[in-house]
There are 4 protein chains.
Amino acid sequence: MSRKSSFNQEIIIKEDKSGPVDTKTPGRKRCPVAHQNILQATSKLLNEIGFSNLTIEGVAAHAGVGKTTIYRHWPNKASLVMDAFLAETAPQFPYPDTGSVIRDIREQMKLVIKVLNSPNGKTVATLIGASQTDKELAEAFRTRFLAVRRTESKAILKKGIERNEIPSNIDADVLLDTLYAPLYFRLLIKHAPLTEIFVDQLVNLITTGLNRTNLST
Amino acid sequence: MSRKSSFNQEIIIKEDKSGPVDTKTPGRKRCPVAHQNILQATSKLLNEIGFSNLTIEGVAAHAGVGKTTIYRHWPNKASLVMDAFLAETAPQFPYPDTGSVIRDIREQMKLVIKVLNSPNGKTVATLIGASQTDKELAEAFRTRFLAVRRTESKAILKKGIERNEIPSNIDADVLLDTLYAPLYFRLLIKHAPLTEIFVDQLVNLITTGLNRTNLST
Amino acid sequence: MSRKSSFNQEIIIKEDKSGPVDTKTPGRKRCPVAHQNILQATSKLLNEIGFSNLTIEGVAAHAGVGKTTIYRHWPNKASLVMDAFLAETAPQFPYPDTGSVIRDIREQMKLVIKVLNSPNGKTVATLIGASQTDKELAEAFRTRFLAVRRTESKAILKKGIERNEIPSNIDADVLLDTLYAPLYFRLLIKHAPLTEIFVDQLVNLITTGLNRTNLST
Amino acid sequence: MSRKSSFNQEIIIKEDKSGPVDTKTPGRKRCPVAHQNILQATSKLLNEIGFSNLTIEGVAAHAGVGKTTIYRHWPNKASLVMDAFLAETAPQFPYPDTGSVIRDIREQMKLVIKVLNSPNGKTVATLIGASQTDKELAEAFRTRFLAVRRTESKAILKKGIERNEIPSNIDADVLLDTLYAPLYFRLLIKHAPLTEIFVDQLVNLITTGLNRTNLST
DNA sequence: ACCTAAGCGAGACGGTACGTCAGGTCTTTCG
DNA sequence: CGAAAGACCTGACGTACCGTCTCGCTTAGGT
């Protein structure tokens, strides 16, 4: 793993694993204070001025750090922002346990839109936006943000199948895309608001299906 | 309407509305050749180097045109790109008429993924990406791309309701988001491929609903 | 002559010589005010902080000008400084006319050391210093500073030969090097001061010669 | 004398004065190999890429040494280069003994131009150049290079006075400047070549004097 | 047939941020 | 404790584009 090649680990660890290897790492250690300062300054600026107005020079100034130090830790702006974002947003979407898996999902989706409607939502949107241009950022978003959430979601779906609330022959990714993509789509396009009612309509539609939807919305 | 304020009309027409008004427009007329050259150069560069590497200076050079001429016609890069994109992509998503509205939709969605899997799909993605940063571009995307398609789609849904294939109490925007958002989500995130099978699974799920999906996928 | 290749002409002339050729130079003209402001700011900074502490960014800031404008006019720091230096120092070493050529030279040399002992002298020294590294600067120094002075000096020597004050078989460059090099050497090395007495000693030595120097110093 | 304040001594010796004292110098001894490697790497790089392209980092890399080690031995680039230069160039300008002091000087001057025309001459030039900016380097050049040579030269002049070849009332520094400055001037300005003929012309002029030069050049 | 207002290609202008380089200092680990 | 490796902050570099502003044309109504 070359020094700057990846930002898929928040801290680049000089791998030392395995046995009595020499594991020598001469030279001064990276200052964790600088690292933290940079992440915090980035988070702050992200929320204040947004991704596209955020500059490396600005972060350096706010963090009291040389530009080079930033470039030593992250290969580009996007990866820096990704780390800052995840450090702040990681553990925000827990599934409740209401007894009904469908209801658990519905409630968790309402949690999701709460975050997406907050400043963090704007950051998610700009990160997805920047991903269209930046392959590494896109990869980081998939593996460090989306995949983590999908793993949790799939556990819930498994529970739903065990309880016979969800058919066992369903493709989990298809179902999750159908449930969550509309939320992100409205986040990104802003053609309609992200409301709890929308979540209800969505879940009703998907549970009932068009063929049987002759009831309430 | 100030000269540069909007790019929601492909050609900014000096309004000469009707009647015996003086309608004076002294001076040389805008050269339509330059306009076309600029759009074509933009399309070419978009496909070759992508939205974010595209610069106004580059377009000017390729079109054999002064930068000023571009700024006289469009207020910014995003609007220029939007025009170039729509000029090339506008009429690509017709609904067939198979007798069944559900089947019409399914087939049209397969058309959509064909476009999204082409170079034009990349451009759509970068435009949505850039919209996260650029409000005017976002607005243009909603009104000039999405709204146009939604209008068509709603006409189809209306036909479906009249034919009793679709429940009348459904919210059209919710349904259309549920159908199409997963396509755009996969386009943007690339966590899974955009295949015809995916379209089939998606339509099946939405028509049947989770409660009744004990059949094939 | 490419746009940036040379700084041996203070103003880069778009050559148009010869006949009724079209000689078109499209585009906005270079702003002479900016040019002058830059030169003046450079002169000022040169005298205040010296050549090696002078930065392009500093000049730009002082001149109220973008860095790019400087780079558009001069290829590098050295050439800029050369221009600024010559604009300020050009006409400073006139030969008097005392009736005796030897005395004319002696007096002019005293003028030279006056300049070399002033802040301008420091600039001369740093320019010669920087020339050791920068070929273009060296060439500019030779042709735009030294050669100009040598031309004048040779005219004086010719007059001296006509008046039989100076032997006709002398090599002008050798004589001029012998007279002036010691001044520049002391300027550069600072091992001894540049005084009028030194000039007198020097001229006495060279006129009388070692073989006959049994008189005063 | 603080550890790093001066580079006027080639090797900073940890004094271990006299007697059977324990002379404790705790810790690891300075590695003389490192010292030599650094000087050699510096000399090599000086001749290859010149003074101004030479970097401390480059020297460290070539010598297989940490930057800190270099800074522990020398306070800055100029002093390092000075040491490297003198280590290689020190004993190169001996005066011959031909019987005539004037002839001794003339021959030694021809030796000098030989060195000045070699790669070492380029280094001398860049050192004088860099001295214009760097006071410590200038001082080092005066005391460690020039003064050494002047001492020898003055001994020769004294011999010349004793032999009545040179007038006793001459100022040695003035004479030496008159003799040698033209050589260095041509080295630095390159407006004319450094040839043996030039040396002859120069010595002839200074010995004979303008008033009597109606003979050979 | 002439004005005159606007469009045109070209390119200079004041800026901002980029990503890199080298400087000289500080810190860690090993010998 | 010295030497190596290398992270640290600083400051300037030269470049790329930005969006605006002249330049010296050309074009085409309106009088």
Side-chain angles (χ1 to χ4, degrees), chain A residues 3 22-31 33-35 53-58 60 63-73 75-77, chain B residues 3-4 14 22 24-31 33-35 53-58 60-61 63-73 75-77, chain C residues 3 24-35 53-58 60-61 63-73 75-77, chain D residues 4 25-31 33-35 53-58 60-61 63-73 75-77:
Chain A
R3 196 163 95 254
D22 53 334
T23 67
K24 57 176 72 181
T25 325
R28 181 173 172 178
K29 293 295 170 282
R30 289 196 176 174
C31 172
V33 177
H35 195 93
N53 292 326
L54 181 148
T55 67
I56 298 281
E57 298 201 329
V65 142
K67 252 198 302 183
T68 25
T69 301
I70 298 180
Y71 283 110
R72 209 176 286 122
H73 288 249
N76 52 51
K77 179 172 128 176
Chain B
R3 197 164 97 253
K4 289 178 132 197
K14 306 258 175 178
D22 53 334
K24 56 174 73 179
T25 328
R28 180 174 172 178
K29 295 293 170 284
R30 288 194 178 174
C31 172
V33 176
H35 194 94
N53 291 326
L54 180 148
T55 67
I56 297 281
E57 297 202 332
V65 141
K67 261 201 293 184
T68 335
T69 301
I70 296 179
Y71 282 111
R72 209 176 284 123
H73 289 249
N76 53 50
K77 176 172 131 176
Chain C
R3 196 164 96 254
K24 58 175 70 180
T25 324
R28 180 174 172 177
K29 296 295 170 286
R30 289 196 175 173
C31 173
V33 177
H35 195 93
N53 291 325
L54 180 148
T55 67
I56 298 281
E57 297 200 331
V65 141
K67 248 199 303 184
T68 26
T69 300
I70 297 181
Y71 283 111
R72 215 175 278 125
H73 289 248
N76 53 52
K77 180 171 127 176
Chain D
K4 292 177 128 199
T25 332
R28 180 170 170 182
K29 296 292 171 291
R30 286 201 178 172
C31 172
V33 177
H35 194 94
N53 292 326
L54 180 148
T55 68
I56 297 282
E57 298 198 332
V65 141
K67 258 200 299 182
T68 336
T69 301
I70 296 180
Y71 282 111
R72 207 174 287 121
H73 290 252
N76 52 49
K77 176 172 132 177

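Chain letters run A, B, ... following the sequence lines, proteins first, then strands; residues in each count from 1.
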Looking at every non-hydrogen atom in both residues, tell me the closest pair between B:R72 and B:R30 and how far apart they are.
O-NH2, 3.2 Å
Reckon C:T55 has a side-chain N or O less than 4.0 Å from the OP1 or OP2 of F:dA12?
no
Measure from CD on B:E57 to P on E:dA10 and round the result to the nearest Å.
13 Å
Would you kindly give the CZ-to-P distance between A:R30 and F:dA5, to the nearest whole Å?
18 Å
By nearest atom, which of the nucleotides E:dC8, E:dA12, E:dG23 is closest to the D:K77 side chain?
E:dG23
Using whole Å, what does the distance between atom C1' of nucleotide F:dT22 and atom OH of B:Y71 come to?
17 Å
Rounding to an integer number of Å, can you tell me how far B:I56 CD1 sits from F:dA16 C1'?
14 Å
Report the distance from atom CZ of A:R72 to atom C1' of E:dT20, rounded to the nearest whole Å.
12 Å
Starting from the first five and the last five pairs of the helix from E:dA1-F:dT31 to E:dG31-F:dC1, work out the angle between the resulting helix axes, to 10 degrees.
10°
Please give, in whole Å, the distance from E:dG24 C1' to A:R28 CZ?
12 Å
For C:K77, enumerate each residue passing the salt bridge (charged side-chain N to carboxylate O under 4.0 Å, His left out) test, keeping only those at least two apart in sequence or located in another chain.
none
Using a cut-off of 4.0 Å on non-hydrogen atoms, how would the nucleic acid contact of B:G58 be classed: base, sugar-phosphate, or nothing?
nothing
Contact class for A:K67 vs. all strands (heavy atom < 4.0 Å): base, sugar-phosphate, or nothing?
base
